[in-house]
Protein chains: 2
Amino acid sequence: MIVTIKDVAKEANVAPSTVSRVISNSPRISEKTKKRVREVMEQLGYHPNFQARSLAAKSTQAIGVIMPNSAYHAFQNPFFPEVLRGISTNAHTNKYGIYLSTGSTEDEIFEEVTSMVQGRRVDGIVLLYSRVNDKTMKFLQEADFPFTVVGRPDENEERVTYVDNDNIFITKQITNYLIKLGHTNIAFVGGSLDFVVTIDRLNGYKLALSEAGIPFNDEYLVNEELIKENGKKAITSLMNLQSPPTGLVTQDDLIAYEIISHLENMKIRVPDDVSIVSFNNLLLSEHSKPSITSVDIAIYQLGYEAAKCLIEIIKNPDLLPRRITIPTKIIERKSCANNKNISM
Amino acid sequence: MIVTIKDVAKEANVAPSTVSRVISNSPRISEKTKKRVREVMEQLGYHPNFQARSLAAKSTQAIGVIMPNSAYHAFQNPFFPEVLRGISTNAHTNKYGIYLSTGSTEDEIFEEVTSMVQGRRVDGIVLLYSRVNDKTMKFLQEADFPFTVVGRPDENEERVTYVDNDNIFITKQITNYLIKLGHTNIAFVGGSLDFVVTIDRLNGYKLALSEAGIPFNDEYLVNEELIKENGKKAITSLMNLQSPPTGLVTQDDLIAYEIISHLENMKIRVPDDVSIVSFNNLLLSEHSKPSITSVDIAIYQLGYEAAKCLIEIIKNPDLLPRRITIPTKIIERKSCANNKNISM
DNA sequence: CTGAAAGCGCTAACAC
DNA sequence: GTGTTAGCGCTTTCAG
C-alpha cells in the first residue's frame, strides 16, 4: 500500500541507495538514471517518508517557533501572524517546515523546548521573545542547539545570533519628536520590565529626556498590563497627576487606540490636549481617528531574517554569532500636536 | 552523547522493550520496574526520539494546520492567531504538536498538504478555510486522511467533520437588526465568492431582505478586495449610487474601520448617516470611534473544537462525520442608528 | 511480567 | 556511477 524507496528501486532496476541519491539530487548519478527513477517515482506516486529520512540523516527539515501565548503578549495582536509570515516565507523557500509551540507559562515553554530539542523534532529554534534571565535561552545555549531570537538577548549577547530593531535609538528618536513639539511631560507606557524590549525602549526614552535636560519622573511610567486590566483606572490616575503628561510614548498601536478611547471618555482630546506616539504601525493606524504616528518596526522582516539566520546556522554550525538590525521608520500622522502649554 | 532507550535499558538492567513499555505506561509492567526505569530515565536525562518513535509506531503526534497566507486572508487580521491559540491549547493538552503550513497560492497549499500527508509528517490536518471546489479538501477525502475544517465544506458536507458558526442564520439576524432600525438600502461588503463563508453570509443577508420584502440590489454588493486595494474609490462609487445605502453589513471589523475612515473623509457620519455592522468582534471594536456593533463568532472556540474533533478522529478513524456549530453573539455598540430617511 | 529480535523507511559509508 | 550493507532509535510481535 505504502510505496517505499525499495519499491521504486525494484521497479527502476536500481539499488535503493540510488533512489535515495536521486531524491537528494546527488551529482554522482547520471542524468539518464535520474530521469528514469523520477519517472518511476511519479508513476508509483512515491513520496519520501520524513520520519525515516530524519532518523537516518539526523535532520528534520523543520524549525521550531516558540511563541509565548500569554496575557503579556496579547494574542489578538497582529505582531505574531506578521512575524510568522516572515519566518514561514523564508523557511518555505528553504524547504523547511514550521513546528509551532505556544506555551502559556515560562515552565510550559521550557518543557516544550526541551522536548523539541532532545526529541529531535526540529533542527533549530527561533525564539519570538527575549526575557530577562530566561532559562529556555540558557538551555539552548548550553545544549549548543541552533537558535536565533527576535529581540535582543539579555545575556551573552555576543554569543547568540539575533534579529532586532535598534530599540534604544528609535525610542530616543520618537521621544525627541515629542520634545521638539514642545512636550516636556512625557509618559512612557510599556510592558513588563522582564522583557528586554521594554528595557531598551525605556532606556531610549530616558536618554532623550536626559539629553533635553528633562528630569525623569517615575510617575510617568505606566505598565501596559494595568491598562489591559483596567484601562480606565490607569489612565485616570495618570491624568490626575499634579502635572499630567501632554505626551505619551506607547509600545503598541493597539494600546494607543485603547488609551485614546479612554482619554476621549475623559474629554481629553488627542492630539489637541495630549499627543501620542506608538510602535508597530498596524495597517489600521492609518484609518483610526486620529491616525497614529507610529514606528514601523518591519515585523515581517524581523521574522524573515530570524529564519534566514537560523537556517544558515543549521547548515553551518560554525558560523559566528551575529546581530541583524532591522531598520525602522517613523510614520508621521495626526496623533501629535504642538504642546499648547508650552508658554506656561 | 545522545542517550537512547538502550542506554536506559542497560543502566536499569532491563531490556529495551521494557523501557519502551514504561514510556507508553503499559499495564503489563510492574510498578516496581516502572519506578526504577523512570528513575534511570530522569538520571540519564533521557528524552524519546520522536522520529524513531513515529517511524516504528506510524504516528507522529503532530497535527498539521493549513493557514492560507494570501492577500485574501489579510494576515494582519487577528483571526488567525486566535484560532491558532484555540487549536494549540487543545492539541497541547492532548500531547500533540502543531505543524504549520502557510501557502500563498492554492497550488502551494496543495503541494504542502500532499507532502505532509504522503510523507507522514502529521497524523491529521485542520483546514483553516473552506473554498469552493477545493482540490486540497478533495485530496484529503480521497486519501481518507483524518482532517477537520473550520468553516462549512463546499461539497460532501455530510461526509466531513467541520466546525462552523451558523453563518446564514447570524447574517440574517444582523441584517434584520439593520432593517428593524428602518434601513432598507443595505449594502453587503464581503470577500470572494470562492469562499463558502462569503456565500453563506450573502445568503443570510438575502434571506433577511426577502423576508422583509426588500428587493435585492446587486449594486449593493461590494467586494472586500476592492476595498483593500483602493478603499476610497470603492466607497465613493458605492455612496454615489442613485440611492446610496444607509446600512452596511461588513465581514470583518478591520474592514469596517477602514470603511468608516473613508466615509468620514467624505463627510458621511457613522452612525448618523450610515449604520454599520460587522463580524469578529475584535477587542479593539470596543474602543474604536464609533465602537462597532459586531458579531462575536467565538474564534478561539472554533479552533479549539476543530482540534478536538481532529484528535478524536485520529484516535478513532471510524468515528462518523459531524458538524459542530459554535454559537455566536451580537454585541451591540454605537455604529448603528435609526434611519433618518425613514419617512422619505 | 519481561526479553529477543525483526523491522519501520531511509541514508551513508564503503565497495567495486 | 551504482550497489551492498549496516544502522538511525524505537515499537511490537512472539517466546518464555
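Just so it is clear, the structure is predicted and the values come from calculations on it, not from any experiment. The chains referred to below are lettered A, B, ... by the order of the sequence lines, with proteins before strands, and numbering in each begins at 1.
- Distances shown here put every side-chain N or O of A:Lys32 at or beyond 4.0 Å from the OP1 or OP2 atom of D:dG1.
- Residues B:Pro16 and A:Val19 each lie close to DNA chain C; by heavy-atom proximity, the contact nearer the 5' end of the strand is made by B:Pro16.
- Across all strands, B:Asp7 comes closer than 4.0 Å to no nucleic acid atom at all (heavy-atom distances).
- Residue B:Lys58 has a polar side-chain atom (N or O) positioned under 4.0 Å from OP1 or OP2 of C:dG9.
- In this structure, the separation between NE2 on B:His92 and CG on A:Leu100 is 11.0 Å, given to the nearest 0.5 Å.
- The shortest distance between the side-chain N/O atoms of B:Thr33 and the OP1/OP2 oxygens of C:dT2 is below 4.0 Å.
- OP1 or OP2 of C:dT2 sits under 4.0 Å from a side-chain N or O of B:Ser30.
- OP1 or OP2 of C:dC1 has not a single side-chain nitrogen or oxygen of B:Arg28 nearer than 4.0 Å.
- Within the cation-pi definition used here (under 6.0 Å to the ring centroid, within 45° of the axis), A:Arg121 qualifies as a partner of B:Phe50.
- Projected onto DNA chain D by closest heavy-atom contact, B:Ala57 and A:Ala57 fall at different nucleotides, the more 5' of which corresponds to A:Ala57.
- Residue order along DNA chain C, read from the 5' end via each residue's closest nucleotide, puts B:Ser17 first among B:Ser17 and A:Ser20.
- A donor-acceptor contact closer than 3.5 angstrom links the side chains of B:Tyr162 and B:Glu157.
- Note on B:Tyr46: only backbone sugar-phosphate atoms sit closer than 4.0 angstrom, heavy atoms only; bases stay farther off.
- Going from atom CD1 of A:Ile5 over to atom C1' of D:dT5 covers 14 Å, rounded to whole Å.
- When only modelled atom types and interatomic distance are considered, A:Asn156 and A:Lys138 share no side-chain donor-acceptor pair under 3.5 Å.
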